[in-house]
Amino acid sequence: MAITPPSGGLFITAAGLSMVSATTDVSATLANITDTAGSGDTTYDVLGVETWTFGVVNESLATNAQALVTMQISPDGVNWLDEAGPVTINQNSLTTLVSSIFLKYARVYYSAVNAASAVTLNVFFQGEL
């Protein structure tokens with residue numbers, strides 16, 4: 001069986017073992033956010049990922065465009081608990097979200113601080129197996 005190496009990570013192989021560890025790719029770009037009520041981003045299954053972090057960069061063009069982000073965790077992908085945050089991210093700024101509680105699913109919950117200032121976020125999910 002052929003295994004294709006990842007484009008942005010480390011590829012380790014041995015007899016009966018293949019693993020992708022550490023990625024630097026943008027997991028999601030959330031563009032033109034004006035909703036101040038908030039939304040959940042992609043749900044990540046973190047079961048089996050030993051160490052993981054969300055990095056969120058505010059790539060907005062407007063100097064006053066701020067975002068509010070919270071990391072949420074869930075045992076079932078339906079019921080969510082705020083675990084890290086909320087954190088306000090200014091334009092051209094980065095924050096990291098790290099969980100101290102282990103549950104199967106994780107996601108970033110995000111909103112614009114001001115509906116008049118559209119926000120663009122780059123969300124990075126990085127982990128090691």
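The two residues Leu121 and Val119 come nearest to each other via the heavy atoms CD2-CG1, 3.7 Å. Residues Ser60 and Ala118 share a closest heavy-atom pair of OG-O, 3.8 Å. Contact between Ser117 and Ala112 at its shortest, heavy atoms only, is O-CB, 4.4 Å.
Hydrophobic clustering of Ile, Leu, Val, Met, Phe, Trp and Tyr side chains at less than 4.5 Å, counting indirect connections, keeps Val123 apart from Leu68. Following chains of ILVMFWY side-chain contacts shorter than 4.5 Å, one can reach Trp52 starting from Val56, so the two form part of one hydrophobic cluster.
Note that CD of Gln72 and CG of Asn79 are 11.0 Å apart. Values are rounded to the nearest 0.5 Å. The OG1 atom of Thr51 lies 12.5 Å from the CD atom of Gln126; values are rounded to the nearest 0.5 Å. For the atom pair CE (Met71) and CH2 (Trp80), the distance works out to 10.5 Å, reported to the nearest 0.5 Å. Thr70 contributes atom OG1, which lies 12.5 Å from atom OH of Tyr110 (distance to the nearest 0.5 angstrom). Atom CZ in Phe54 sits 9.5 Å away from atom OG in Ser99 (nearest 0.5 Å). Taken to the nearest 0.5 Å, the CG atom of Leu103 stands 4.0 Å off from the CD1 atom of Ile73.
Heavy atoms from other residues, nucleotides or ligands lying under 6.0 Å from CG of Leu61 number 12 at most.
A donor-acceptor contact under 3.5 angstrom links the side chains of Ser100 and Glu83, judged on distance only.
Side-chain atoms of Asn58 and Asn90, non-hydrogen and from C-beta on, never get closer than 4.5 Å to each other.
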Determine, step by step, whether Val108 and Phe125 satisfy the side chain to side chain contact (heavy atoms under 4.5 Å, CB included) criterion, reporting the C-alpha distance in whole Å, the side-chain angles of both residues, the deciding distance to 0.1 Å, and the verdict.
CA-CA 10 Å; Val108 173; Phe125 175 80; over 6 Å; no
Do any side-chain atoms of residues 29-48 form donor-acceptor pairs under 3.5 angstrom with protein atoms, and if so which ones, sequence neighbours left out?
| unit_1 | atom_1 | unit_2 | atom_2 | d |
| --- | --- | --- | --- | --- |
| Thr29 | OG1 | Asn122 | OD1 | 2.9 |
| Asp35 | OD1 | Ala37 | N | 2.8 |
| Asp45 | OD1 | Leu47 | N | 3.0 |

